[in-house]
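Below is one structure, written out as structure tokens; the observations come after it.
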Protein chains: 2
Amino acid sequence: MKAGPDIAIVAALVGDPARSNMLTALMTGRALTASELAYQAGVTPQTASSHLAKLEAGRLVEQEKQGRHRYYRLSDPDVAAVLEGLEGLAARAGHMRVRTGPKDPALRHARVCYDHLAGDLGVQMLDSMKKQRLVRQRKQDIELTAEGERFLTDSLQISADALSHPRRPLCRACLDWSERRHHLAGTLGAAILTRFTELKWAMRDAAPGSRVVNFTRNGEKRFAALFGEIE
Amino acid sequence: MKAGPDIAIVAALVGDPARSNMLTALMTGRALTASELAYQAGVTPQTASSHLAKLEAGRLVEQEKQGRHRYYRLSDPDVAAVLEGLEGLAARAGHMRVRTGPKDPALRHARVCYDHLAGDLGVQMLDSMKKQRLVRQRKQDIELTAEGERFLTDSLQISADALSHPRRPLCRACLDWSERRHHLAGTLGAAILTRFTELKWAMRDAAPGSRVVNFTRNGEKRFAALFGEIE
DNA sequence: CCAACGCTTCGGCTATTGTCGAAATATGAA
DNA sequence: TTCATATTTCGACAATAGCCGAAGCGTTGG
């Protein structure tokens with residue numbers, strides 16, 4: 001009756017504050033160096049080193065060496081998905097870190113959730129796509145419509161067919177912890193955020209570990225034109 | 001940059017062996033008493049009591065008092081989903097509890113994953129439904145076809161329309177940790193397993209905390225007739 | 001070549017948390 | 001009413017794991 005995977009080992013890896021801070025920093029989807037992760041976690045480099053070794057042994061992160069630098073990233077989107085789920089449980093249980101600083105509203109407005117847009121704007125985008133019948137959502141199933149494919153091609157020069165990926169869905173509903181509603185994940189969600197960046201509508205906060213997405217004035221206008229409030 | 005949910009708190013709750021054993025035991029979808037959970041976790045009742053208080057404070061479980069008995073269950077399917085995800089990560093990282101006893105093959109053959117069928121038979125069922133075009137799966141998106149609705153009504157007396165649920169999808173692909181492929185979750189997956197039980201094709205192992213599903217001889221035949229190997 | 005920097009390894013310390021014995025309270029059955 | 005059982009609470013103990021200083025190794029740039 002105790003057969004099966006031992007979730008305690010994995011969860012204990014995430015359950016340490018220093019390690020969870022590192023994993024959260026990696027939810028930006030960026031690779032960060034050991035030093036940057038040490039800073040994010042608020043520990044010394046030697047402490048971070050031993051933590052990272054554990055995360056790597058547990059297959060939660062993987063590393064790539066560049067000269068003297070060690071870059072770490074999440075092993076794959078499955079890890080990010082579990083971390084998202086944990087974020088939802090933590091938010092629901094009220095385990096929020098109270099930092100009502102200037103960054104908090106920005107984080108709620110628009111932020112990266114691994115590789116796709118989240119926050120107020122992320123939720124608004126999915127809502128708008130549903131109202132425009134670009135996607136169909138039944139509960140947590142999201143499907144791109146033919147009209148949606150044309151929209152993506154015409155307005156954003158994104159080809160849905162090119163987003164095929166053996167292990168990730170095109171569309172996935174991701175529960176937004178700040179809005180408590182869904183935003184769009186999957187390869188399409190990632191492609192859209194990438195396109196926003198290419199078009200210079202939005203850019204990521206440059207601070208390592210920051211998840212904030214800053215839209216330009218023009219970007220906000222373009223975003224509103226495509227995904228604004230629709231009756 | 002440390003704003004947002006504090007996943008360390010939730011993960012640390014899962015990361016203790018005694019507590020993770022309890023949560024795993026509750027993945028059967030059944031409510032268990034504090035004593036039964038203490039037994040599953042291999043600790044004394046007083047230790048279990050303090051653990052359960054923590055899990056309840058963390059909103060991972062909820063309790064219902066019946067006389068002298070306290071029944072605990074997982075708070076909701078979101079908790080189960082995160083635990084499933086952790087199981088997948090643990091299995092991938094090779095954190096398997098080596099108990100190659102008589103129960104292990106049974107667990108791999110057919111078991112409950114919260115409320116739907118998993119294991120070899122669970123994976124086979126989804127495969128067959130795909131080959132018979134009862135469902136369409138593109139990566140992790142699963143959609144019931146019109147033919148599938150008729151099949152469910154005719155063969156199992158299950159009405160897909162009656163499975164509507166505000167917070168759960170009809171179909172969800174759940175990665176099976178023993179088969180490393182998908183089985184069917186969601187309200188439909190749950191309804192199918194329930195129907196097998198009603199039809200007396202299958203029954204759950206009566207031991208508290210056991211996830212094994214035992215098919216009868218007749219049940220195996222009926223299951224094979226509906227979901228057997230199809231070319 | 002030398003100095004600076006990134007990262008790892010080693011060893012010792014300490015705080016935290018899980019554990020159980022003991023005791024108390026509530027419920028159910030005879 | 002009494003006894004058995006389920007569960008909770010309290011207090012003490014011990015083991016573990018995270019922490020950092022010190023030292024070492026590898027890489028980079030001047």
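Computed over heavy atoms, backbone and side chain alike; hydrogens, waters and symmetry mates excluded. Each chain gets a letter, A, B and so on, in the order the sequences are listed, and its residues count up from 1.
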Between the protein and nucleotides 17-20 of chain D, which nitrogen or oxygen pairs are less than 3.5 angstrom apart?
residue	atom	partner	partner atom	Å
D:dG18	OP1	A:R19	NH1	3.2
D:dG18	OP1	A:R19	NH2	3.0
D:dG18	OP2	A:K54	NZ	2.4
D:dC19	OP2	A:H51	NE2	2.3
D:dC20	OP2	A:T44	N	3.4
D:dC20	OP2	A:T44	OG1	3.4
D:dC20	OP2	A:T47	OG1	3.0

Can you name the nearest heavy-atom pair linking A:C113 to A:E84, along with the distance?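 A:C113 and A:E84 have their closest heavy atoms at SG-OE2, 3.6 Å.
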Atom [atom1] of [X] to atom [atom2] of [N]: distance rounded to whole Å?
X     : N     : atom1 : atom2 : answer
B:M22 : D:dT7 : CE    : C1'   : 13 Å
B:Y39 : D:dA6 : OH    : P     : 14 Å
B:Q66 : D:dT5 : CD    : C1'   : 16 Å
B:L52 : D:dT9 : CG    : C1'   : 15 Å

Under 4.0 angstrom, heavy atoms only, what part of the nucleic acid is B:Y71 near: base, sugar-phosphate, or nothing?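 Here B:Y71 touches no strand at all.
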Report yes if some heavy atom in the side chain of A:V79 is under 4.5 Å from a heavy atom in the side chain of A:L26; otherwise report no.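 They are not in contact (no side-chain heavy atoms under 4.5 Å apart), so the answer is no.
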Summary of salt bridge (Lys or Arg N to Asp or Glu O under 4.0 Å) pairs that have at least one residue in residues 10-22 of chain B, sequence neighbours excluded: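 Listed once each, the pairs would be none.
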For residues 41-64 of chain B, pull every pair meeting salt bridge (Lys or Arg N to Asp or Glu O under 4.0 Å), keeping only residues two or more places apart or in separate chains.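 Pairs touching residues 41-64 of chain B that pass the test: B:E62-B:R73, B:E64-B:R73.
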For DNA chain C, note the earliest and the latest nucleotide, 5' to 3', having some atom under 4.0 Å of a heavy atom belonging to chain B.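 Answer, 5' to 3': C:dG18 to C:dG28.
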What residues, two or more places apart in sequence or in another chain, satisfy side-chain contact (heavy atoms from CB on, under 4.5 Å) together with A:S159?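 Expected list: A:D161, A:A162.
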Degree of bending, the helix from C:dC1-D:dG30 to C:dA30-D:dT1 (end axes from five pairs; round to 10°):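 For the helix from C:dC1-D:dG30 to C:dA30-D:dT1, the axes at opposite ends meet at about 30°.
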Show your reasoning for whether salt bridge (charged side-chain N to carboxylate O under 4.0 Å, His left out) applies to A:R195 and A:E198. CA-CA 5 Å; A:R195 188 67 185 135; A:E198 290 169 352; 2.9 Å; yes
What's the closest nucleotide to the side chain of A:R68 if the choices are D:dT7, D:dT27, D:dT8?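 For A:R68, the side-chain atoms sit closest to D:dT27.
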Does any donor atom in the side chain of B:T47 or B:T44 lie under 3.5 Å from an acceptor atom in the other side chain?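 B:T44 and B:T47 do have a side-chain donor-acceptor pair below 3.5 Å.
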Distance-only polar pair, side chains of A:S49 and A:Q46, donor-acceptor under 3.5 Å: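 Result is no, nothing qualifies.
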What verdict does the side-chain contact (heavy atoms from CB on, under 4.5 Å) test give for A:L156 and A:L199, after you've listed the backbone C-alpha separation in whole Å, the side-chain angles of each residue and the deciding distance to 0.1 Å? CA-CA 9 Å; A:L156 291 169; A:L199 292 170; 4.0 Å; yes
Could you check B:L32 against B:Y72 for side-chain contact (heavy atoms from CB on, under 4.5 Å), going step by step and ending with a plain yes or no? CA-CA 5 Å; B:L32 298 176; B:Y72 291 87; over 6 Å; no
Salt-bridge test for A:R92 and A:E87: reply yes if a basic N is under 4.0 Å from a carboxylate O, no otherwise.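 No.
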